[in-house]
Amino acid sequence: MKLEYPPKTAVSDLDSSSIQPGKSKVPIRIEFTAEQYTNNAKTRANGGEQLIKVILPMPTEGMNNSISHAYNQQPAKEESLLVKAFSGEGTSLLRDAWNFIGKQFEDAVTTVGGVDYGRIPADMSESTYSGSDKRGWNFTWDLVALSKSDSNRLVTIANYLTSYSLPGASNSSDRAQAPPVWRIKVLQSGGANSRSITQSLLGDPKLCVLSNCTISRDTTSLYAPSGSNKFPTPLSMQLKLDFQEIEPVYGQDGRIRSRSEIRTGGSWSEIG
């Protein structure tokens, strides 16, 4: 199933120089595709069976992501004396031995006399890599329906986003099923070159989970029931979607690749 807002007929060319309020100028869209959760590396890298596809205009906020790395401070480790002895560094070996003897003498004098001659310990630690956060994307849309049909479409999209953010269940099991995973792409007005433009504007997102789905319906202004729709619908709606990658990403030759892509040797983002 594909749900799109605003309708495709209202989307103009990517080359439009201005973005006007409403839906007359929407040069770029974002596509969110839900897939069944899987542990298979090849499916994670190249895509699985699609459950639903939601296409929305450029968000009011959010086309950024960040990644932070953690480092530990550990003592710097010198090469062992055995390594130096067999590598021909005889001079270095003698120097290290002499420095070791001198250090023991200085420590003994300080311990007995309580005088350190104004010396302070040297910082012999270094930063060693210990891990990275998984990247996340946070999108916000402030959407205004210009007709009753547009309002109905917004309600449908909101309901499906909520449903596909939840875990699944079966009447034959008391265990919940993992929620769907998501792929994020940026589309031009014609839907072409999504790989290149996604890398350019979003930094090549990998497989994500929908970690937060917040929907705020404005009930101060409503469309009245009409036709086959026997219920009122909101004039405007705010969507906030937070996505987080489910796997660590790595840098290879200037490219960003997920763990599954490393294991299988490629992904959809490198095709074509």
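Any value given below was found using the heavy atoms of this structure, including those in side chains, with hydrogens, waters and symmetry copies removed.
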Give a yes or no on whether [X] atom [atom1] has more than 12 heavy-atom contacts from other residues, nucleotides or ligands under 6.0 Å away.
X: K148; atom1: NZ; answer: yes
X: E49; atom1: CD; answer: no
X: Y160; atom1: OH; answer: no

Could you tell me the separation between the [atom1] atom of [X] and the [atom2] atom of [Y], rounded to the nearest 0.5 Å?
X: S130; Y: Q73; atom1: OG; atom2: CD; result: 10.5 Å
X: L201; Y: M58; atom1: CG; atom2: CE; result: 6.0 Å
X: E31; Y: W182; atom1: CD; atom2: CH2; result: 11.0 Å
X: L3; Y: I157; atom1: CG; atom2: CD1; result: 5.5 Å
X: T60; Y: K240; atom1: OG1; atom2: NZ; result: 10.5 Å
X: C213; Y: L239; atom1: SG; atom2: CG; result: 7.5 Å

Would you check if [X] and [Y] make a side-chain contact, meaning some heavy-atom pair closer than 4.5 Å?
X: Q36; Y: P180; result: no
X: E247; Y: I262; result: no
X: P6; Y: D150; result: no
X: L241; Y: P59; result: no
X: R44; Y: T264; result: no
X: S236; Y: D142; result: no
X: E261; Y: Q252; result: no

Are [Y] and [X] connected in a single hydrophobic cluster, I mean Ile/Leu/Val/Met/Phe/Trp/Tyr linked by side-chain heavy atoms less than 4.5 Å apart?
X: L235; Y: I215; answer: no
X: L210; Y: M1; answer: yes
X: I67; Y: I256; answer: yes

Side chains of [Y] and [X]: any donor to acceptor distance under 3.5 Å?
X: D133; Y: S68; answer: yes
X: S172; Y: S170; answer: yes
X: Q74; Y: S125; answer: no
X: Q50; Y: T33; answer: no
X: N212; Y: T214; answer: yes

Between [X] and [Y], is there a donor-acceptor pair closer than 3.5 Å when you use the side chain of the first and the backbone of the second?
X: N65; Y: L202; answer: yes
X: T198; Y: V186; answer: yes
X: Q238; Y: S216; answer: no
X: T43; Y: N39; answer: no
X: S163; Y: N159; answer: no
X: S260; Y: A45; answer: no

Provide the closest heavy-atom pair for [X] versus [Y] in the form atom of the first, atom of the second, distance.
X: R257; Y: G265; answer: NH2-C, 2.9 Å
X: Y223; Y: S151; answer: CD1-CB, 3.6 Å
X: P167; Y: A176; answer: CB-CB, 4.3 Å
X: N40; Y: T38; answer: N-OG1, 3.0 Å
X: S258; Y: Y250; answer: C-CD1, 4.4 Å
X: N64; Y: W137; answer: O-CD1, 3.8 Å

Taking 4.0 angstrom as the limit, do E245 and K134 come out as a salt bridge?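 Judged by the 4.0 Å cut-off on N to carboxylate O distance, E245 and K134 do not form a salt bridge.
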Can we say K206 and D204 salt-bridge, meaning some charged N sits less than 4.0 Å from an Asp/Glu carboxylate O?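 Looking at K206 and D204, the cut-off is met.
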Would you sort out whether F139 and L56 count as a side chain to side chain contact (heavy atoms under 4.5 Å, CB included), showing the intermediate values? CA-CA 11 Å; F139 302 102; L56 296 172; over 6 Å; no
Tell me whether the rings of F243 and F32 are parallel (<30°), tilted (30 to 60°) or perpendicular (>60°).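 Plane angle under 30°, so parallel.
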Determine the interplanar angle of the H69 and Y71 rings, folded into 0 to 90°, and report it as parallel if under 30°, tilted if 30 to 60°, perpendicular if over 60°.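 Judged by the thresholds at 30° and 60°, the geometry between H69 and Y71 is perpendicular.
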List, by chain and then residue number, the residues other than L222 in its hydrophobic cluster (Ile/Leu/Val/Met/Phe/Trp/Tyr, side-chain heavy atoms under 4.5 Å); write none if there are no others.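 Members alongside L222: none; it stands by itself.
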Remaining members of the apolar cluster that contains V209, side-chain heavy atoms under 4.5 Å: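 Answer for V209: Y37, V181, L207, I246.
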Testing V54, I55, L154 one by one against Y5 for a side chain to side chain contact (heavy atoms under 4.5 Å, CB included), which residue passes?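 Only one option passes, and that is L154.
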